[in-house]
Colleague: 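Attaching a single structure in C-alpha cells format; questions to follow.
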Amino acid sequence: MSAGADAIANAVQVLEHYISGEVAEANALSQLLHLHQTNDKCVVAALAEKTNTVIANADKGSAAAAEAGNLLVGVARHLDTNAEAEVPAGASKAAKAAGAKAAATKAAAKSVSRHLLDHVLILTGGQNRAAKDNAIRAQGCSLVADLVLAVPGHQKAQEKLLEFASDRLPSIRERAVRGLGHVTSTPAVEQTLCARSGDPFMAVRSSAVRSMHVSSGTAAALIKRIDDVEACVRAELFRTLAREPAGGKQFGPAAFGRLCVGLTDRASAVRSAAGQAVDAWHKFFGSATAVLARCDVQGDEVLGDAVAGALAARFKEEGIAAVKAVLSGSVKGDTNGIDEVCTALLARHAVTVMREDDRDELIDAPLLLQRTNEALGSSVTKPHGAFVLRQLLYIVAFVDFCDESSRRRAERLAEATLQRAPLTTTSVAPSANVLTMADLGILIMRKCAGLCKFQPRSAKIQALEAQCSARGVLLISDLCQPLQGAPEADASGSGDDEAGEGQFATRLSNRLQELNDAIEERLQRRTAFVAQKKKAIANEEFIQAQRIKEATTKNDTELTHLEKEHLQLKAERDGILLRVLAIIRSMLRWSGSDLQKDPALFGTLERIMRPVVSLPALSENVEVAAIAAISTFCVRDVVSAQTHWSLFLELMRAIRPENQPPMDSK
C-alpha cells in the first residue's frame with residue numbers, strides 16, 4: 001500500500017511541477033511515461049486526482065484551469081501513444097511477438113484516456129445531471145470534448161456532449177459541438193449539429209459546421225449557411241465541403257449551383273475556402289464541365305451564368321478547350337444534351353474573360369457564324385437547341401468583325417434570329433445578365449450598324465439609330481404579312497385594310513372571337529343535352545333519349561373541330577404577335593435614339609402596340625407582352641407616359657392584395 005501511495009505521490013508531484021512550469025515538458029513526459037510503464041494504475045490515479053483539483057478550482061481562474069486541463073489531456077494522449085511493453089533484449093521470438101501483441105492491445109484500448117474520460121464523466125454529474133456553476137460545467141465539457149478525440153466510440157461521452165450541446169451558455173455549446181465532431185456519426189449527433197448550425201452565436205455555428213459530415217441528413221442545414229451573415233461561418237462551410245468532395249452528390253442542382261457561386265463571395269476568406277471546395281469537386285467529378293453539369297444552369301439562368309463565369313475564370317485552360325470544341329462542332333456528351341449545354345455556356349464565359357488579343361487569335365469569325373447558323377436551324381428540333389443558340393449569339397455579339405463579308409453575314413444572322421429563333425428560352429425576365437433571343441438579335445444588328453448602348457448623341461449617331469429602327473420596323477412588317485391575308489368580299493371592310501397598319505391581325509382575331517362564341521354555344525348545348533337525356537330516361541322516353549344522344553354526339557364532333565381550329569389560329573396569331581412585341585421591346589430597350597427624331601420607332605406605339613391591345617380574343621400572354629412593350633415605350637417618352645398614366649394606375653389597383661382571388665381553404 002505504501003509503495004502504491006508513494007508512486008501516486010511521485011506522479012502527482014511530477015504533474016504539479018509540469019503544470020506550474022517548473023519542469024520542462026520533455027522531462028516531465030519522460031518521467032510520467034517511465035512511471036506508467038512501471039505502475040500504470042498509479043499514474044491514472046494521479047491524473048484523476050489532479051483532474052479533481054482542476055474542476056474544483058475552475059471557478060477561481062478559468063484561464064489557468066483550462067490550461068491545466070489541456071496539459072492533463074495531453075499527458076494522457078502521450079502515454080497512450082508511447083506506451084510499449086518492455087521486452088528484454090535477449091528475449092525469444094515468441095516473447096517479442098507476445099510483447100508486440102500486448103503493446104498493440106494496450107494502445108488500442110487507450111487505457112489512460114479512457115479511464116480519465118470515465119472519471120471526468122463522473123465529475124460532471126453523469127447523464128442528465130450537471131453542476132450549477134457555469135465555470136465547472138464549462139471545464140467538464142472542455143475535458144470531455146478533448147478526451148473524446150482519443151476515445152471516439154465512447155457512448156456515455158457522446159450522450160454527455162449531446163446534453164452539453166443544449167446548455168444555456170454559448171461557450172459550453174461551442175465546446176460540445178466541437179467534441180461531437182470526433183464521435184461516431186449517428187442520427188442524434190447529426191440532428192444536434194444541424195440544430196446548432198443555426199445557433200444565434202457565431203462561434204457555435206462555426207464549430208457546428210466544422211464538425212459536420214456531409215450527408216443526406218446534414219445537406220439541408222449546410223446549404224442554409226451559404227447565406228450566413230458571418231464570413232467565418234461561410235468559410236467554414238466550404239472547408240467542410242472541401243474535406244469531403246463526394247458529399248457534393250448530396251446537394252440538388254440548385255443548391256450545388258449556390259455553393260459554386262461562393263467563388264464570387266464578397267469576403268476574400270470565403271472566396272479562398274470556396275476555391276478549395278471547387279478544386280476538390282473539379283478533381284472528384286473530372287472537369288469544370290462536369291461540375292457545371294451538376295448545377296441548374298437552365299432552370300435559374302442568372303445562377304448558372306454566375307457559376308459558369310466563376311469556373312471559366314478559375315479553369316481558363318478548360319474554357320479555351322470548350323471554345324475550340326464549340327467552334328469545331330466536336331462536343332461529345334450524353335443523349336439528353338446536357339454536356340453540350342454546359343460546354344457552350346462555359347465557352348461563352350471563357351470568351352468573356354479572355355484578353356482581346358487571345359480572343360481574336362482563338363475565334364475564327366466565319367466559322368463562328370457558320371456554327372451559329374447551324375444552331376439556329378436546329379434550335380427547335382434539337383434538345384436544348386435554343387439554349388445553345390443563345391450562348392453562341394452571346395459570343396457573336398461579343399466578338400469584333402473586321403471585314404465587310406463577316407459583318408454582312410452577322411447582319412443576316414441577326415435578321416434570321418429575329419424571324420425564326422424560338423421565343424421562350426429564358427427562365428427569368430430579361431435583365432442586364434440574361435438576354436432574350438430578340439435582345440441578342442437587336443444587339444448584333446446594332447453592332448453591325450456601328451452602334452452601341454452608350455454613345456454620345458450626335459446628328460450622325462441619330463441618323464444611324466433611325467436607319468437601324470427603320471430596318472427593324474421593316475422586319476416587323478415582313479413578319480406581319482401572314483396575318484394580313486386577303487380582305488373580305490363584302491364592302492364593309494371587316495377584314496384588314498390595304499396598308500395593313502394597325503389592323504394586321506384583325507381578321508384572325510375576329511375569327512377567333514367567332515370560334516370562342518361557337519365553342520361557348522356548343523358547351524351550353526352539351527349541358528342542356530345532358531339534362532334532357534336524364535329527364536327522358538326518367539320518364540322512360542327512350543326514343544327521345546336516343547335522339548338526344550345522337551344530337552349530343554353531333555354537338556361533340558362540332559366542338560372538337562372548333563377547338564382544333566381555334567388552337568391552330570391562336571398559335572398562328574399569338575406566335576407572330578409575341579415575336580413582334582418582343583422585337584419592339586428590345587429595340588426600345590437598346591436604342592439610344594431620340595424617339596421624337598426617330599419616326600419608325602416612335603410610330604410603333606400608334607401603329608402596332610395600341611392596335612394589338614384593342615384586338616378581340618386576346619390571350620393573356622399577348623396582353624402581358626403588349627403592356628410590357630407600352631411600358632418600355634413610356635419609359636423612353638414622357639408625353640406617352642403621361643397619356644397612359646390612367647392605364648398604369650388601373651394595373652396597380654388590379655394587383656392589390658384585396659383584389660386577388662381568395663385562397664382555396666380546404
Side-chain angles (χ1 to χ4, degrees), residues 418 423 426 428-436 438-443 445-446 451-459 461-477 479-480 501-506 509 574 576-616 618-660:
L418 294 173
L423 288 176
T426 60
V428 295
S431 64
N433 297 324
V434 180
L435 306 180
T436 64
D439 288 329
L440 292 168
I442 292 297
L443 285 175
M445 181 182 292
R446 289 174 55 81
L451 296 170
C452 62
K453 176 63 176 176
F454 302 104
Q455 283 179 311
R457 188 171 294 178
S458 62
I461 297 299
Q462 180 61 42
L464 291 176
E465 291 279 6
Q467 291 177 6
C468 187
S469 299
R471 187 159 191 174
V473 173
L474 288 175
L475 188 64
I476 290 174
S477 66
L479 288 171
C480 295
E501 297 178 359
Q503 301 295 330
F504 53 83
T506 303
S509 297
D574 289 2
I576 296 179
L577 288 181
L578 288 173
R579 187 178 297 277
V580 168
L581 293 170
I583 293 174
I584 293 175
R585 191 180 181 190
S586 297
M587 291 170 60
L588 291 167
R589 179 185 179 189
W590 299 105
S591 174
S593 175
D594 184 355
L595 292 186
Q596 301 295 333
K597 299 179 181 179
D598 193 338
L601 190 57
F602 187 78
T604 56
L605 178 63
E606 295 294 337
R607 297 167 59 186
I608 298 177
M609 288 183 276
R610 280 184 178 175
V612 166
V613 175
S614 62
L615 288 173
L618 276 184
S619 62
E620 183 178 352
N621 291 338
V622 176
E623 288 180 346
V624 171
I627 295 298
I630 292 175
S631 302
T632 307
F633 190 96
C634 292
V635 171
R636 300 288 308 277
D637 186 66
V638 177
V639 177
S640 299
Q642 294 173 346
T643 304
H644 293 84
W645 188 250
S646 59
L647 170 65
F648 298 138
L649 287 178
E650 188 64 29
L651 291 174
M652 293 298 294
R653 295 189 188 100
I655 62 176
R656 285 179 179 175
E658 58 266 23
N659 293 329
Q660 299 297 320

Colleague: Between Arg636 and Ser593 (side chain of the first, backbone of the second, donor and acceptor by atom type, cut-off under 3.5 Å), is there such a pair?
Modeller: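 Side chain of Arg636 to backbone of Ser593, a donor-acceptor pair under 3.5 Å: yes, one is there.
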Colleague: What is the distance from atom CD1 of Ile608 to atom CG of Leu581, rounded to the nearest 0.5 Å?
Modeller: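 Spacing of CD1 (Ile608) from CG (Leu581) equals 8.5 Å.
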Colleague: Donor-acceptor pair, distance only, cut-off 3.5 Å: does the side chain of Arg446 make one with the backbone of Trp590?
Modeller: yes
Colleague: Please round to the nearest 0.5 Å and tell me the distance separating atom SG of Cys634 and atom CZ of Phe648.
Modeller: 4.0 Å
Colleague: Can you find a pair of side-chain heavy atoms, one from Leu595 and one from Leu588, that are under 4.5 Å apart?
Modeller: yes
Colleague: Ignoring hydrogens and angles, state whether a donor on the side chain of Asp637 or Gln596 is under 3.5 Å from an acceptor on the partner side chain.
Modeller: yes
Colleague: With side chains defined as the heavy atoms from C-beta onward, is the minimum distance between Ile584 and Leu605 less than 4.5 Å?
Modeller: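 Counting from C-beta outward, Ile584 and Leu605 never come under 4.5 Å.
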Colleague: Where is the tightest heavy-atom contact between Pro616 and Ser509, given as atom of each residue plus distance?
Modeller: O-CB, 3.5 Å
Colleague: Rounded to the nearest 0.5 Å, how far apart are OG1 of Thr643 and CD1 of Ile630?
Modeller: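 If we round to the nearest 0.5 Å, Thr643:OG1 and Ile630:CD1 are 11.5 Å apart.
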Colleague: Do the non-hydrogen side-chain atoms of Leu601 and Glu465 ever get within less than 4.5 Å of each other?
Modeller: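 Sidechains of Glu465 and Leu601: no contact.
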Colleague: Could you grab the distance from atom CG of Leu418 to atom CG of Asp439, nearest 0.5 Å is fine?
Modeller: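 Separation between the atoms: 10.0 Å.
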Colleague: Given side chains that start at C-beta, do those of Ile476 and Arg579 come closer than 4.5 Å, heavy atoms only?
Modeller: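 Ile476 vs Arg579: side chains apart.
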Colleague: With rounding to the nearest 0.5 Å, note down the distance linking CG in Leu479 to CG in Leu474.
Modeller: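 Result: 11.0 Å between the selected atoms.
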Colleague: Side chains of Val622 and Val613: does their closest heavy-atom pair fall under 4.5 Å?
Modeller: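 Answer no - side chains too far apart.
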Colleague: Can you confirm whether Arg589 sits close enough to Leu435 that some side-chain heavy atom of one is under 4.5 Å from a side-chain heavy atom of the other?
Modeller: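 With C-beta onward as the side chain, the pair touches.
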Colleague: Side-chain contact test, heavy atoms from C-beta onward, threshold under 4.5 Å: evaluate it for Leu464 versus Cys468 and give yes or no.
Modeller: no
Colleague: Rounded to the nearest 0.5 Å, what's the gap from CD on Glu650 to NE2 on His644? Could you check?
Modeller: 14.0 Å
Colleague: Thr604 and side chain to side chain contact (heavy atoms under 4.5 Å, CB included): which single residue from Arg585, Arg610, Met609 fits?
Modeller: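 With Thr604 as partner, Arg585, Arg610, Met609 yield a single side chain to side chain contact (heavy atoms under 4.5 Å, CB included), made by Met609.
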